[in-house]
Amino acid sequence: MREIFCFLFVSIVLFSCQQKQESNDKGFPFLVSKEKPNRALSAAVERNYDAYLSIRPEQNELYTQFKYTKLKGFDYNGGDGTLTRRDPSKVIFENGKYYVWYTYRNTVVKSVGMARAKEANDTIPSADWDLAEIWYATSEDGFIWEEQGVAVPRPPKPQAGWRSVTTTDILKWKGKYYLYYQAFMEASGLRGDFCPVAVSYADSPDGPWTSANKVVIPNGSEGSWDQYSIHDPYPLVHNGKIYLYYKGDFDKRPELKPSKIRMQGLAISEDPLGPFVKHPLNPVINSGHETTLFPFKEGVAALVIRDGMERNTIQYAKDWVNFEIASIVELMPDAGGPFIPDAFTDTKDGRGITWGISHFTNAAEDWNRNHSVLTRFDCDLSLDIDDQQM
Ligand code: AAL
């Protein structure tokens, strides 16, 4: 009798749990349905329908989690801070291998730190990216890299970049290659960061690179948002033109050092050597740090990393100018340089990205006096992957 009673009791409990589960599943389909329900919604649920590309992360083509893998082939002088590799370009595939360009500093001592920039001289760097050159490496699989050496050295004084050439990105245009980069004329930490963008070109990704010996994206006029610096130049091809996105670093109030806000603008040209016309709606992205964008369907997607109110988001601009938040993400690749097969094809149906190279800055007593290492990141921001999974 007792056994029968126990059996009945357990069965009733299990049955009611199951009923509850089913009623939960059936009771709240509006939380997971793509259609906005016809009932009053809280602000949070309303926003879930209106503010992002999709109401669920797994349905959102511009949502991903980033994974990182240590690269093989790069040595860092034992990590003593004298050798740095950072701010990689996009990755391109040419001559049967992948190419990446990056800021390379190999100095007698590590940097003194931007706050002590006055102590820097011709051999002592003020910052991780001071006294740097642009180097490049190639790889057959994206994991094992072979460093090839310098692509763009520092030009002689007083040419733009004599102090440091850094933070480069690549454009392929009508069979030629163009490297855009920050051209420092003073140490970072003094007024060096107020630098413009210069360009070098070559017939082959292996060089030799010829400096155009001119500033292609000049600083904005006094009082404009990009008067101080034009950083992180990032060219893509759209509508038969070069769409070059860049970061402006404008909040120079000393009490805000380092500033937690930066924005990104767009400059457009029909010729890689300019003139570039800055978009009248600039800045077009209200947050972020280094620039990372890629064609996506008819528009462009941007990884908005680190600074500003909309940091840690992936954004989308159907018209390549007016960006909306598509998703909120975490552990984004700093200075990400993705492999974008259709970066320069003027695609009207961008397929997205699955991997690239970014950097990590090694933490110590003062981040300014550290070095950075290149790393591989992997993600699922590719429509081809989604198509395959469907
Ligand atoms: C980076 C980039 C630019 C800055 C400095 C070196 O992350 O935004 O390149 O000037 O930091």
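Read the numbers this way: they start at 1 and go in the same order the structure lists the ligands and their atoms. Nothing fancy with the numbering, it's 1 onward along the sequence.
For atom 2 (C) of ligand 1, the candidate residues are Asp307, Thr291, Asp232; the nearest heavy-atom contact is made by Asp232.
Inclusion of Thr166 in the set of residues having an N or O under 3.5 Å from an N or O of ligand 1 is not warranted. Geometrically, ligand 1 and Asp193 share no nitrogen or oxygen pair separated by less than 3.5 Å.
Between Trp355 and Tyr98, a ring centre-to-centre spacing shorter than 6.0 Å is recorded. The distance between the ring centers of Tyr63 and Tyr52 does not fall below 6.0 angstrom.
Aromatic ring pairs are classed by plane angle as parallel below 30°, tilted from 30° to 60° and perpendicular above 60°; the pair Trp101 and Trp209 is perpendicular.
Shortest non-hydrogen contact noted between Arg105 and Ala132 is CB-CB, 4.2 Å. Heavy atoms only, all atoms of each residue included: Met185 and Arg163 are closest at C-CB, 4.0 Å.
Glu290 OE2, 2.4 Å is the protein heavy atom nearest to atom 7 (O) of ligand 1. Scanning all protein heavy atoms for the shortest distance to atom 9 (O) of ligand 1 gives Thr167 OG1, 2.6 Å. Considering only non-hydrogen protein atoms, atom 8 (O) of ligand 1 sits nearest to Lys247 NZ, 2.6 Å. In terms of protein heavy atoms, atom 10 (O) of ligand 1 is closest to Gln182 NE2, 3.0 Å. What sits closest to atom 11 (O) of ligand 1 on the protein, heavy atoms only, is Arg86 NH2, 3.5 Å.
Only side-chain heavy atoms of Asp87 come within less than 4.0 Å of ligand 1; its backbone N, CA, C and O stay farther off.
With no hydrogens or angles considered, no side-chain donor-acceptor pair links Asp232 and Tyr245 at under 3.5 Å.
The His289 neighbourhood of ligand 1 comprises atoms 7 (O), 8 (O), with distances under 4.0 Å to a heavy atom of that residue.
In this structure, Lys90 forms a cation-pi arrangement with Tyr234, its terminal cationic atom sitting closer than 6.0 Å to the ring centre and no more than 45° off the ring axis.
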